[in-house]
Amino acid sequence: MNLENKGLRELFSLANQIGNKRYHKLTHQDFEKYREFDYWRYVNGDYECGTTQESRDWVTENSDSYCPICEQHYSVKGGKTIDHKLPRSQYPWLSMNFHNLWVICRDCNQEKSEMNWYEYEHYIFVNYHDWYPVVKAARPKLLLHSLKD
C-alpha cells in the first residue's frame, strides 16, 4: 500500500481503522507495553515526566528549554511532559515506541489530551494557526507506516 500520496484525513482514517481493529484484540504483550511506559516514566506516579534516570536522560536528549508547540519556556508552562502523539489509550502497543513520544509543556499536553493526531492537527490549525507548521512537521509518519503491517 502506497501511503505517500494519501492526504492527512485519509492517513488518519486508515490509522484509526487499523488501531480500532487491533484495539479490540489487545494482547497481554500490549498491556505490558502500556505498563512498561508507566514504570519508565515514573516510579511512584507522582510526576509527569522524567522520574527514572532513563526517562530523565531521554527528556534531556529530546528537548531544550522551550516547548516545540507554543515556544514558551517550560518553566512558565507547567514544566515538561512526555506526550504520546498517538494516544496510548488507543494504541497501547506504541506506548514505548520512541517515534510516538515527544516532549511538550504541561499546558499543551493537557490541551491535546486524548485527541488523535488528525484531530489535534485540525484543532491547532483552527485555534492556533501560527503553531500549525510545527505540529505538522512533528506528524508521526513512521508510525503510520508501522500500522500498515
Side-chain angles (χ1 to χ4, degrees), residues 1-24 26 30 33-42 45-52 54-149:
M1 178 184 300
N2 182 2
L3 299 177
E4 296 301 321
N5 297 326
K6 298 198 181 297
L8 183 61
R9 181 180 297 269
E10 194 174 4
L11 287 172
F12 280 95
S13 173
L14 179 62
N16 283 337
Q17 188 178 49
I18 293 169
N20 286 337
K21 185 187 290 183
R22 180 155 175 198
Y23 184 78
H24 294 294
L26 293 178
D30 294 331
K33 284 288 185 192
Y34 190 92
R35 285 195 297 258
E36 185 181 345
F37 177 78
D38 282 340
Y39 180 75
W40 178 77
R41 184 174 60 171
Y42 47 72
D46 293 336
Y47 300 97
E48 284 291 321
C49 184
T51 54
T52 64
E54 187 179 358
S55 65
R56 272 196 299 266
D57 292 345
W58 187 86
V59 168
T60 300
E61 292 168 9
N62 290 281
S63 65
D64 56 22
S65 300
Y66 299 91
C67 176
I69 300 171
C70 66
E71 299 180 343
Q72 296 292 308
H73 198 278
Y74 287 111
S75 64
V76 297
K77 298 291 281 187
K80 296 178 180 180
T81 63
I82 301 171
D83 180 58
H84 290 87
K85 293 177 179 178
L86 297 180
R88 68 183 186 135
S89 62
Q90 297 172 28
Y91 303 89
W93 60 93
L94 298 176
S95 294
M96 286 301 295
N97 183 322
F98 289 93
H99 295 293
N100 195 28
L101 305 179
W102 65 333
V103 179
I104 60 177
C105 72
R106 182 180 308 270
D107 290 353
C108 287
N109 194 345
Q110 287 176 344
E111 197 163 351
K112 179 179 174 284
S113 186
E114 294 294 320
M115 286 187 237
N116 72 37
W117 192 264
Y118 172 72
E119 291 171 316
Y120 185 61
E121 276 197 35
H122 183 259
Y123 176 82
I124 291 294
F125 185 80
V126 170
N127 295 291
Y128 305 100
H129 192 72
D130 291 345
W131 298 354
Y132 182 70
V134 171
V135 172
K136 182 180 177 185
R139 187 180 294 165
K141 294 177 186 172
L142 289 173
L143 296 176
L144 290 171
H145 284 283
S146 74
L147 291 175
K148 73 177 185 172
D149 296 331

Would you mind reporting whether [Y] and [X] have side-chain heavy atoms less than 4.5 Å apart?
| X | Y | answer |
| --- | --- | --- |
| Ser89 | Glu114 | yes |
| Tyr128 | Val134 | no |
| Val103 | Tyr74 | yes |
| Phe98 | Met96 | yes |
| Cys70 | Lys77 | yes |
| Tyr120 | Ile69 | yes |
| Leu101 | Trp58 | yes |

Find the distance between [atom1] ([X]) and [atom2] ([Y]) and round it off to the nearest 0.5 Å.
| X | Y | atom1 | atom2 | answer |
| --- | --- | --- | --- | --- |
| Ser65 | Gln72 | OG | CD | 13.0 Å |
| Trp131 | Glu121 | CH2 | CD | 15.0 Å |
| Asn62 | Ser55 | CG | OG | 11.5 Å |
| Tyr118 | Arg139 | OH | CZ | 10.5 Å |
| Ile124 | Lys136 | CD1 | NZ | 14.5 Å |
| Glu111 | Cys105 | CD | SG | 9.0 Å |

Do [X] side-chain atoms and [Y] backbone N/O form a donor-acceptor pair below 3.5 Å?
| X | Y | value |
| --- | --- | --- |
| Lys112 | His84 | yes |
| Asn100 | Leu86 | yes |
| Glu119 | Asn116 | yes |

### Query
In this structure, are over 12 heavy atoms from other groups packed under 6.0 Å from His73 atom NE2?
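Yes.
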Quick check: closest heavy atoms across [X] and [Y], and the distance to 0.1 Å?
| X | Y | value |
| --- | --- | --- |
| Arg106 | Gly78 | NE-O, 2.9 Å |
| Pro140 | Lys85 | CB-CD, 4.0 Å |
| Arg88 | Ser95 | CB-OG, 3.5 Å |
| Pro133 | Asp130 | CD-O, 3.5 Å |

### Message
Below 30° counts as parallel, above 60° as perpendicular, anything between as tilted: where do the rings of Tyr91 and Trp93 land?
### Response
perpendicular
### Message
Classify the ring geometry of His129 against Phe125: parallel below 30°, tilted from 30° to 60°, perpendicular beyond 60°.
### Response
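Answer is perpendicular, since the angle exceeds 60°.
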